[in-house]
Each structure stands twice: as structure tokens, then as C-alpha cells.
Amino acid sequence: MCESDAPGDVVDFLRGYPDRLGKAVFENGSTLDKYLGDGLMATFGTPEPSENDASNALRCAFDMLEALSIWNRDRSAEGLPPVRIGIGIHFGPVISGDIGNRRRLKYSVIGDTVNVASRLEQLPRKLKASLVVSDLLIEAISPTDKAGQSLVKRLVSAGVQDLRGRRGKIGVWIYPLK
């Protein structure tokens with residue numbers, strides 16, 4: 001878009017994106033860690049973990065996909081191309097706190113869990129999916145969490161995948177493109 005659209009159109013798009021998708025983050029008990037250009041990073045269970053963090057993360061992803069579907073219908077009516085996204089979710093421990101120096105201190109999370117989630121977010125295009133989640137996320141959703149388990153049933157196993165920068169492979173589940 002930056003290459004071909006007017007700067008005002010790019011800014012409008014970048015304002016509309018977090019308005020729509022960021023709403024799902026807050027409605028599902030998440031912390032919006034940061035905006036990353038045309039993306040965002042959200043964490044669940046920070047600063048206070050709960051037993052529903054994994055299912056909340058999965059619900060958030062499906063809410064984002066629904067918000068995107070509605071936005072794309074509106075965009076289509078305006079003659080604009082659809083927006084496509086890829087979501088990656090992993091579950092595990094993180095290091096959280098204020099990171100930076102005295103001039104610019106920011107609360108954030110770091111660690112292997114964050115790195116794996118970032119790598120999962122790169123897989124949707126390769127796997128022809130809109131959502132990629134790790135085995136660990138699936139395992140973290142309690143068998144007694146009926147709502148969470150109904151979301152899991154919407155996913156399909158994609159086997160084990162290599163992730164850039166990691167020695168071991170990781171089992172993943174996808175929500176295929178429709």
C-alpha cells in the first residue's frame with residue numbers, strides 16, 4: 001500500500017486496522033503489547049495469569065477473523081481489495097516487565113514463547129491458513145472448558161513444522177483459508 005496508495009489512505013488503513021482487530025484483544029482479556037506497523041502483538045495472562053488464558057487467546061483470534069471478514073465486506077462494497085492476515089499463537093512462560101533504559105522504558109514480554117509465536121505468525125501463507133497455533137496452546141485449554149474445546153474443533157492438525165531460528169520442530173494446528 002505504501003508503494004501505490006496516497007499517504008492519507010495508508011494512514012486511514014493503519015487506523016482502521018487496530019480499531020477493528022484491537023477491539024477483539026481487549027474484549028478477550030488480553031494486554032495489547034504493541035502495534036507492529038500493520039500488525040499487533042497481544043499477550044494473555046500478563047501481568048496476571050488466569051486458567052483461561054489459552055482459550056481466551058484462541059477466542060480472540062477467531063474474533064479477529066470475524067472482524068476482518070466484516071471489514072472486508074465493507075471494503076469490497078467500496079471497491080477496495082480484501083485485507084488478509086496471518087495469526088500465530090503459542091503458549092508458555094515469558095519474561096515480562098519494563099524493558100529499555102531511563103529515556104524510553106516500556107512494558108513488554110520476551111523469551112522463547114514470544115519467539116515461537118512470532119515464527120508461527122509467519123506460517124499461515126505457507127500452510128494456506130489464516131491462523132496457526134501450537135500444540136502447547138491446544139494442550140493448555142482445559143478439557144472441561146466447553147467453549148475453548150469448541151474452538152479447538154475448528155482447527156486441523158498440520159503436523160510438525162520447522163521454525164526459522166529453532167533447532168526443534170513444533171506441532172501446529174491451523175484454521176484453513178476459506
Side-chain angles (χ1 to χ4, degrees), residues 17-18 20-46 48-72 82-96 108-178:
Y17 186 89
R20 288 166 177 83
L21 301 185
K23 180 179 178 190
V25 170
F26 298 115
E27 289 179 348
N28 286 286
S30 178
T31 299
L32 180 58
D33 188 82
K34 63 183 77 119
Y35 289 110
L36 305 160
D38 62 352
L40 58 87
M41 179 176 145
T43 60
F44 293 79
T46 56
E48 294 295 324
S50 83
E51 63 185 33
N52 298 319
D53 292 333
S55 60
N56 287 345
L58 191 53
R59 185 176 309 103
C60 178
F62 280 112
D63 287 354
M64 287 176 146
L65 293 173
E66 178 61 27
L68 182 68
S69 176
I70 294 166
W71 191 23
N72 278 335
V83 175
R84 301 204 190 319
I85 63 171
I87 301 171
I89 311 174
H90 186 47
F91 186 84
V94 297
I95 301 162
S96 64
S108 191
V109 294
I110 59 172
D112 186 56
T113 299
V114 177
N115 295 341
V116 170
S118 173
R119 299 307 188 264
L120 291 175
E121 185 266 336
Q122 296 168 3
L123 289 179
R125 182 172 286 174
K126 172 187 168 195
L127 298 176
K128 297 179 177 43
S130 51
L131 169 63
V132 178
V133 304
S134 69
D135 278 342
L136 288 178
L137 179 93
I138 300 298
E139 293 167 9
I141 297 175
S142 169
T144 61
D145 179 351
K146 291 185 192 308
Q149 289 299 323
S150 71
L151 295 173
V152 169
K153 289 178 183 174
R154 297 172 71 182
L155 303 173
V156 176
S157 174
V160 293
Q161 301 291 320
D162 283 314
L163 299 182
R164 183 177 56 82
R166 282 190 59 85
R167 289 183 291 261
K169 294 183 178 195
I170 186 167
V172 300
W173 295 75
I174 63 170
Y175 184 66
L177 289 173
K178 300 209 178 210

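- For the residue pair Asn72 / Ser69, no side-chain donor-acceptor distance below 3.5 Å is found, with atom types taken as modelled.
- Here the shortest heavy-atom pairing between Ala129 and Ile174 reads CB-CB, 3.7 Å.
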Exercise for the section: Take Arg20 and Ile70 through the test side-chain contact (heavy atoms from CB on, under 4.5 Å) and record every step on the way to the result. Expected result: CA-CA 9 Å; Arg20 288 166 177 83; Ile70 294 166; over 6 Å; no
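- With hydrogens and angles ignored, the 3.5 Å screen pairs a side-chain donor or acceptor of Ser30 with a backbone N or O of Thr43.
- No donor-acceptor distance shorter than 3.5 angstrom exists from the side chain of Gln149 to the backbone of Thr144, with no hydrogens or angles considered.
- Heavy-atom contacts from other residues, nucleotides or ligands closer than 6.0 Å to CD of Glu51 number 12 or fewer.
- Note that the CG atom of Leu136 and the CD1 atom of Ile89 stand 13.0 Å from one another [nearest 0.5 Å].
- For the atom pair His90 NE2 and Ile170 CD1, the distance stands at 4.5 Å (nearest 0.5 Å).
- Two residues are said to be in side-chain contact when any heavy atoms from C-beta on lie closer than 4.5 Å; Ile85 and Leu21 meet this criterion.
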Practice task
Assess whether side-chain contact (heavy atoms from CB on, under 4.5 Å) is satisfied between Asp135 and Val160, documenting all intermediate values.
Solution key: CA-CA 9 Å; Asp135 278 342; Val160 293; 5.6 Å; no
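- Heavy-atom minimum distance, Gly148 versus Leu58: O-CD2, 4.4 Å.
- The main-chain N or O of Val94 is never found under 3.5 Å from a side-chain atom of Thr113 such that the two would form a donor-acceptor pair.
- Counting non-hydrogen atoms of other residues, nucleotides and ligands closer than 6.0 Å to NZ of Lys34 gives a total above 12.
- The CG atom of Leu131 lies 6.0 Å from the CG atom of Leu65; values are rounded to the nearest 0.5 Å.
- Minimum interatomic distance between Leu127 and Ala158 (heavy atoms only, all atoms of both residues): CD1-CB, 4.4 Å.
- Looking at every heavy atom in both residues, Gly86 comes nearest to Pro124 through CA-CG, 3.6 Å.
- Across all their heavy atoms, Cys60 and Phe44 have their closest contact at CB-CZ, 3.6 Å.
- The environment of Arg125 atom CZ is sparse: at most 12 non-hydrogen atoms of other residues, nucleotides or ligands sit within 6.0 angstrom.
- One finds the CD1 atom of Ile87 at 12.0 Å from the CG atom of Leu120 (value rounded to the nearest 0.5 Å).
- Note that OG of Ser108 is 11.0 Å distant from CD1 of Ile95, once rounded to the nearest 0.5 Å.
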Practice task
Mind running side-chain contact (heavy atoms from CB on, under 4.5 Å) on Leu40 and Met64 for me, showing each step along the way?
Solution key: CA-CA 11 Å; Leu40 58 87; Met64 287 176 146; 3.6 Å; yes
Practice task
Please assess Asp53 against Ser50 for the test side-chain hydrogen bond (donor to acceptor under 3.5 Å, both in side chains), listing each intermediate value before the final yes or no.
Solution key: CA-CA 6 Å; Asp53 292 333; Ser50 83; 3.0 Å; yes
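- Across every non-hydrogen atom of Val25 and Ala42, the tightest pair is CG1-CB, 3.8 Å.
- Taking CG from Asn56 and CG from Asp145, the interatomic distance works out to 8.5 Å, rounded to the nearest 0.5 Å.
- Side-chain atoms of Val109 and Met41, non-hydrogen and from C-beta on, do get closer than 4.5 Å to each other.
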